[in-house]
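Accompanying notes for the structure given below.
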Amino acid sequence: RNRPPYREEQNVKWIVLDGDVDAEWIESLNTVMDDNKVLTLVSNERIPLSDSMRLLFEVANLNHATPATVSRAGILYVNPGDVGAKPFLDSWLHSQKFGEGEDVKLRQNLS
């Protein structure tokens, strides 16, 4: 268990939730995502989150998210073409100094 004082790199704690948004459980998280930052369980137990805690949802779509949930979240859309190794490779190739046509040959060999 981490106890204060935290080191500088430990000041923010991330809770990462990866998967589809389910209408039932996401509604339970609305109180966590608003200014209260309190998780209320089905048993009525209340768990406060500290100011240094953050939630990150990685979802494929928001088909089952309610307007209340979407209004509490910052939405960042990542184009599927920008995910994977190709953007890193393109960026690296762009930063290199190649002779005439060498980058084209390298791209063909790596594709």
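Keep in mind the model is a prediction, meaning the values are calculated, not measured.
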Does Thr31 reach the main-chain N or O of Val38 with its side chain, forming a donor-acceptor pair under 3.5 Å? yes
Taking atom CG of Asn63 as the centre, does the number of heavy atoms from other residues, nucleotides or ligands within less than 6.0 Å exceed 12? yes
Hphob cluster co-occupancy, Leu76 + Met33, side-chain heavy atoms under 4.5 angstrom: no
Which pair of heavy atoms, one from Pro80 and one from Tyr77, lies closest together, and at what distance? CD-OH, 3.5 Å
Val78 and Val83 have their tightest heavy-atom pair at CG1-CG2, 3.6 Å
Are there over 12 heavy-atom neighbours, none belonging to Arg54, within less than 6.0 Å of that residue's CZ? yes
Take atom CD of Glu58 as the centre, draw a 6.0 Å sphere, and report whether it contains more than 12 heavy atoms from other residues, nucleotides or ligands. no
Is there a path from Leu41 to Leu29 through hydrophobic residues (I, L, V, M, F, W, Y) whose side chains come within less than 4.5 Å of each other? yes
Which atom of Arg72 lies closest to which atom of Asn30, heavy atoms considered: NE-O, 3.2 Å
Find out if a path of hydrophobic residues (ILVMFWY) with successive side-chain heavy-atom gaps under 4.5 Å connects Val12 to Val16. yes
In terms of heavy-atom contacts, does CG of Asn61 have more than 12 from other residues, nucleotides or ligands at under 6.0 Å? yes
Smallest separation among heavy atoms of Lys37 and Met53, with atom names: NZ-O, 3.3 Å
Closest heavy-atom pair and its distance - Ile15, Leu49: CD1-CD2, 4.2 Å
Could you pull out the closest heavy-atom pair between Leu55 and Val32, with the gap in Å? CD1-CG1, 3.5 Å
